[in-house]
Amino acid sequence: MNGFVSLDKIDFENISIDEYWNVGDQKEELIHKIHNYPAKFPAFITTKAIDYAKKQGINTNKIADIFCGCGTVALEAKKRGIKFWGCDINPVATLIAKVKSGNYDVLLLKRYRETLLEKLKSSNLEYDYSTANERIKYWFYEETFQKLSNLKTIILDECYINDNYKQFFLCAFSNILKPASKWLTKSIKPQVDPKKGQKDIFDLFSKQTEMMISAYEQAEINNKGKVTIETTSFLRPYLKRPKVDMIVTSPPYVTSYEYADLHQLSSLWLDFTKDYRELRQGTIGSVYHIEKSRIEDFKLNDIAKNIIEELQPKIEKSKLKSIARYFSDMQKVSKLAFNMLNNHGIALFVIGNTEYKGTKIDNAKHLAISLQNAGFKKFHITKRNITNKFLTPYRDSVGKFTSNKGSRKIYAEEFIVIGEKICQ
Ligand SMILES: C[S@@+](CC[C@H](N)C(=O)[O-])C[C@H]1O[C@@H](n2cnc3c(N)ncnc32)[C@H](O)[C@@H]1O
């Protein structure tokens with residue numbers, strides 16, 4: 001779908017797959033994989049977006065990712081010497097994003113790694129497990145807790161290592177938490193595996209840091225494009241949003257992940273919060289992000305209204321409110337994204353549809369209409385196959401994620417929604 005057409009007449013299901021957005025020209029670099037992030041999208045989306053903009057005659061000097069996650073777009077922009085601004089409400093996401101696109105001297109990284117491992121070998125301070133955070137005790141055996149506490153103290157206390165390098169090693173620390181815990185290995189969602197044994201923390205940290213340093217060595221990204229990443233809600237009032245030529249982003253979907261829950265191990269260990277549930281507040285798409293609002297108070301467009309109406313008899317009021325809140329948030333996002341762009345700038349959103357209790361949630365069409373209402377004029381909307389997203393495409397009979405391949409598959413494709421800002 002291309003051009004200046006009215007979007008409400010278009011059936012998004014009939015939009016065909018565009019090979020252009022399906023696969024990258026090169027294998028994804030190791031640096032993109034230094035830390036797991038369930039909702040990460042493929043790095044080549046950014047490359048293709050920059051090429052697409054070029055073909056439209058748009059020169060990209062500055063890119064934003066307003067839901068920057070683990071910094072996929074940030075890193076790709078930096079590599080090309082393009083300035084980048086991004087934000088994410090999840091502090092674990094921005095830690096990873098900052099480390100990925102940070103400037104590091106590989107020789108120093110190697111030296112610090114040796115020092116930390118040496119200290120970890122001999123360190124055996126005793127920490128009080130009985131007074132530890134209840135959730136940390138829930139996920140970690142006492143012995144693992146002791147070893148991780150020692151490691152964290154060593155990283156934080158090593159006075160020769162400056163804060164930028166400490167972040168690098170804290171990011172490594174963060175990525176070994178899941179394998180070190182009782183969290184069921186194959187599950188994205190929080191689930192204890194009673195059979196999972198204890199892991200050797202020294203070994204995990206040694207391998208993780210070795211992999212990360214080698215990823216830096218291969219990537220050679222030091223001192224290229226300037227990267228700014230903020231830990232904040234994109235919707236925060238008075239947030240200073242810079243003017244950019246292009247936005248490349250993938251927003252949350254209705255009823256998809258509870259990001260705060262998925263990253264609770266890191267949030268708790270890295271002291272971002274004492275209660276990870278606090279981090280659900282402000283997270284778009286969270287079923288807990290409802291505050292005091294009433295459904296009637298949201299100014300929703302027709303697509304959102306129809307979905308809410310269909311869901312009303314099927315679900316609890318609080319769930320319904322969170323879905324209305326999602327649509328209202330995405331409408332605000334559309335307006336703010338429009339304001340950030342220079343004239344002829346483009347916004348590219350990667351977004352998929354979902355289903356809830358038998359009702360199709362047309363996230364993509366809702367977003368496209370919201371962008372149109374926000375002032376975007378020219379659209380290019382295509383579909384891509386989801387290939388390397390770490391997300392199960394299957395849902396059980398009540399619409400929950402499942403790895404059971406016999407269940408309904410509803411995530412096989414996602415949309416690329418591109419809108420251009422054209423001011424007279
Ligand atoms: C689909 S993910 C983006 C993944 C990203 N493209 C990547 O490659 O890592 C959506 C992100 O939106 C973030 N998010 C949710 N609500 C937000 C808000 N109000 N402001 C900023 N970020 C938010 C989530 O924390 C999550 O990282």
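Counting starts at 1 for both ligands and their atoms, following the listed order.
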Tell me whether Phe41 has any N or O atom under 3.5 angstrom from an N or O of ligand 1. yes
Can you check whether Lys110 reaches Ile213 side chain to side chain, under 4.5 Å on heavy atoms? yes
Asp329 with Arg325: basic N within carboxylate O range, under 4.0 Å: yes
Side chain or backbone, does Tyr259 bring an N or O within less than 3.5 Å of an N or O on ligand 1? no
Can you list the atoms of ligand 1 that are under 4.0 Å from a heavy atom of Asn90? 25 (O)
Mind checking whether Thr232 has a heavy atom under 4.0 Å from ligand 1? yes
Does Ile284 reach ligand 1 with a nitrogen or oxygen that is under 3.5 Å from one of the ligand's nitrogen or oxygen atoms? yes
Return the orientation label for the Trp269 and Phe145 ring planes: parallel under 30°, perpendicular over 60°, tilted otherwise. tilted
At a 4.0 Å cut-off, with the gap strictly under it, does some heavy atom of Leu235 reach an atom of ligand 1? no
Between the side chains of Lys137 and Glu134, is the shortest nitrogen-to-carboxylate-oxygen separation below 4.0 Å, so that they form an ion pair? yes
Mind telling me whether Tyr257 and Tyr259 have parallel, tilted or perpendicular rings, with 30° and 60° as the class edges? perpendicular
If we only count N/O pairs under 3.5 Å, is Thr72 in contact with ligand 1? yes
Below 3.5 angstrom, do we get any N/O pair linking Ile89 and ligand 1? yes
Kindly assign one of parallel, tilted or perpendicular to the pair Phe327 and His366, based on the angle between their ring planes and the thresholds 30° and 60°. tilted
Could you check whether the rings of Phe415 and Phe12 sit parallel, tilted or perpendicular, using 30° and 60° as the cut-offs? tilted
For Thr283 and ligand 1, does the shortest N/O to N/O distance drop below 3.5 Å? no
I want to know if ligand 1 touches Cys70 in the polar sense, i.e. an N/O pair below 3.5 angstrom. yes
In ligand 1, which numbered atoms sit nearer than 4.0 Å to a non-hydrogen atom of Gly282? 18 (C), 19 (N)
Assess whether a salt bridge exists between Glu29 and Lys100, defined as any Lys/Arg side-chain N lying under 4.0 Å from an Asp/Glu carboxylate O. no
So, is Tyr37 polar-close to ligand 1, with some N/O to N/O distance under 3.5 Å? yes
Nearest heavy-atom approach of Thr72 to Thr46 is O-OG1, 4.4 Å
Output yes when the distance from some N or O of ligand 1 to some N or O of Ala39 is under 3.5 Å, and no in every other case. no
